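Written below as structure tokens is the structure these notes are about.
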There are 2 protein chains.
Amino acid sequence: MSDTRKSFSRESEEKRTMDLIVATQMCIERGGVGEASIRRIADEAGVTPGLVRHYFPDKEALICAAYRQTMADMFKGARQGVDELPGNAIDKMRLFINTSLHPGVMNSRYHQLWASFTSLTRSTPSMAKIHHESYLEFRMGCQDLVELVFAEIGREVSAKALEQYGIMVNAILDGLWLEGCLAMELFDDGELAEIGLRSVQSVLDIEGLI
Amino acid sequence: MSDTRKSFSRESEEKRTMDLIVATQMCIERGGVGEASIRRIADEAGVTPGLVRHYFPDKEALICAAYRQTMADMFKGARQGVDELPGNAIDKMRLFINTSLHPGVMNSRYHQLWASFTSLTRSTPSMAKIHHESYLEFRMGCQDLVELVFAEIGREVSAKALEQYGIMVNAILDGLWLEGCLAMELFDDGELAEIGLRSVQSVLDIEGLI
DNA sequence: TTGCTTACTGTACGATCGTATAATAGTATC
DNA sequence: GATACTATTATACGATCGTACAGTAAGCAA
């Protein structure tokens, strides 16, 4: 039909794969899963639809890859600087809470991606697996920080209690993150982070977080 | 094409509308927004696709109606019995937390619906409005209960502080609800409700909730 | 029973979907 | 510069989508 073919340059598998994943994120970000068709993703990535199948066996595999990437991005964003921080455990916890509840992580873009992927976990087993893994990873991140804090102040708790504290902190961060993502305009800058610090301090019955 | 027409009976607008809304919920519950096509919804409701347009101007209107209905269902479920409870404010708060974090409200069905609708709020203004309204309604429900509790024990707090307590309680419930919906099998019966009670008690610095 | 209203069915249309595959061209090797 | 490899394009196919609309029958009023 067309008399001129699209010119192109060959790229590495890593680049093309990542381009397609990022394009998928952008499509979903724009209008949910329904907006993320193979054609639109390819267009967003600057390639033609046929190429997608060259790198991913089917659409589901691409969506899964984008899901994994999104969760990795968010997790990395939330823990930014926490592990490198030379300070004590309380400082790490404070930074973790602050970072998780600031615009770098708590924004409508991540929320849109998160909600879209989450809505697929029930019907797609491979996505349910990703969801499960990333949930546990985040919860364990919370739990490990709690453990550090308790060790620092010399408090001893059972493994079960520690787990429940992890669940609590995770819930508070998830809940505040949700509120912030969904209604950013209702809160002042740093308000949710402050509420998060106060809540976690209360729940863990510790001091020095604020 | 077919030699026999589908027999039918005329029904009231209320019934047909509700049938279509429920059918929409069931389709979304089954496999996300992608599964909720007009044809499948009509089939689920026991009517033909053409009828949908007789009651709803387009698909978006039907999805919005289903969104509203779902949020109303959840809100009603969470407040079940709370307002009728003759007891004191602490009892109301306890019941509210327990009910919100038990299977009647905290289940994968509601979560699937919630996540699916939520993923549409960014690109569809009419759904963003519904989302905003239902979020504020739930948060105010939390805040009102906090106010009742504080009044009961004679604690006086500023309006701003009260609002922040409402945000905290809402976040804790949202966060735990999410955890429970997404990984029900990781928790014992009533474990999350208990964690919720302990967290709220800590955060509000009150007694008698557990 | 007849006729009227309209809830409801059935079919059609153009667009878009995911996938398959043949044809092409960029690039490295010799 | 010719050759081989394969990343990439282009096109096709059948299915399904949302919507439009003409035709049909259910149920009520007279």
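Below, chains carry the letters A, B, ... as their sequence lines are ordered, and counting in each starts from 1. Predicted, not measured: the structure shown is a model, and the values here were computed from it.
- Each of dC8(C), dT8(D), dC13(C) was ranked by its minimum atom distance to the side chain of Arg39(B); first place goes to dC13(C).
- Distance, Lys59(B) NZ to dT16(D) C1': 11 Å, rounded to whole Å.
- Rounded to whole angstrom, the span from the NE2 atom of His54(A) across to the C1' atom of dG26(C) amounts to 13 Å.
- Using a 4.0 Å heavy-atom criterion, one finds that Phe56(B) contacts no nucleic acid atom at all.
- The residue Glu11(A) sits close only to the backbone: its heavy atoms come under 4.0 Å of sugar-phosphate atoms, none of a base.
- Taking atom CD of residue Glu35(B) and atom C1' of nucleotide dC17(C), one finds them 14 Å apart after rounding to whole Å.
- Looking only at distances, no side-chain donor or acceptor of Trp177(A) sits under 3.5 Å from a matching main-chain atom of Gly175(B).
- Put simply, CG on Leu62(B) is 14 Å from P on dC17(D), counting in whole angstrom units.
- For dT6(C), its base sits under 3.5 Å from the side chain of Arg10(B) at one donor and acceptor pair at least.
- Rounded to whole Å, the distance from CD1 on Ile41(B) to P on dT19(D) is 11 Å.
- If you find the closest nucleotide of DNA chain D to Ile38(B) and to Lys6(B), the one lying nearer the 5' end belongs to Ile38(B).
- As rounded to whole Å, 7 Å separates atom C1' of dT24(C) from atom CZ of Phe8(A).
- Side-chain atoms of Gln164(A) and Glu194(B) form no donor-acceptor pair, as typed in the model, at a separation below 3.5 Å.
- The side-chain heavy atoms of Ile130(A) and Cys64(A), taken from C-beta on, include a pair separated by under 4.5 Å.
- Taking only side-chain atoms of Leu51(B), from C-beta outward, the nucleotide of dG18(D), dG26(C), dC8(C) with the closest atom is dC8(C).
- Taking the side chain of Tyr55(B) as heavy atoms from C-beta on, and the options dA7(C), dT19(C), dG10(C), the nearest nucleotide is dA7(C).
- Between Asp43(B) atom CG and dG10(C) atom P the separation is 12 Å, expressed in whole Å.
- Residue whose closest nucleotide on DNA chain D sits further toward the 5' end, between Pro49(B) and Ser7(A): Ser7(A).
- Under a cut-off of 6.0 angstrom, the local environment of NZ in Lys76(A) is sparse, with at most 12 non-hydrogen atoms contributed by other residues, nucleotides or ligands.
- When distances run from any side-chain atom of Ser9(B) to the nucleotides dT19(C), dG27(D), dT6(C), the shortest one goes to dG27(D).
- Residue-level contact check: Ser37(B) touches the backbone only, with heavy atoms under 4.0 Å from sugar-phosphate atoms and none from bases.
- Rounded to whole angstrom, the span from the CG atom of Leu20(A) across to the P atom of dA7(D) amounts to 14 Å.
- Gln201(B) contributes a side-chain N or O that, together with a main-chain N or O of Leu209(B), makes up a donor-acceptor pair within less than 3.5 Å.
- Residue Arg53(B) places no side-chain atom within donor-acceptor reach of the base of dG18(D), judged by atom type and a 3.5 Å distance cut-off alone.
- Counting atom types as modelled, Arg5(A) pairs a side-chain N or O with a base atom of dT9(D) as donor and acceptor under 3.5 Å.
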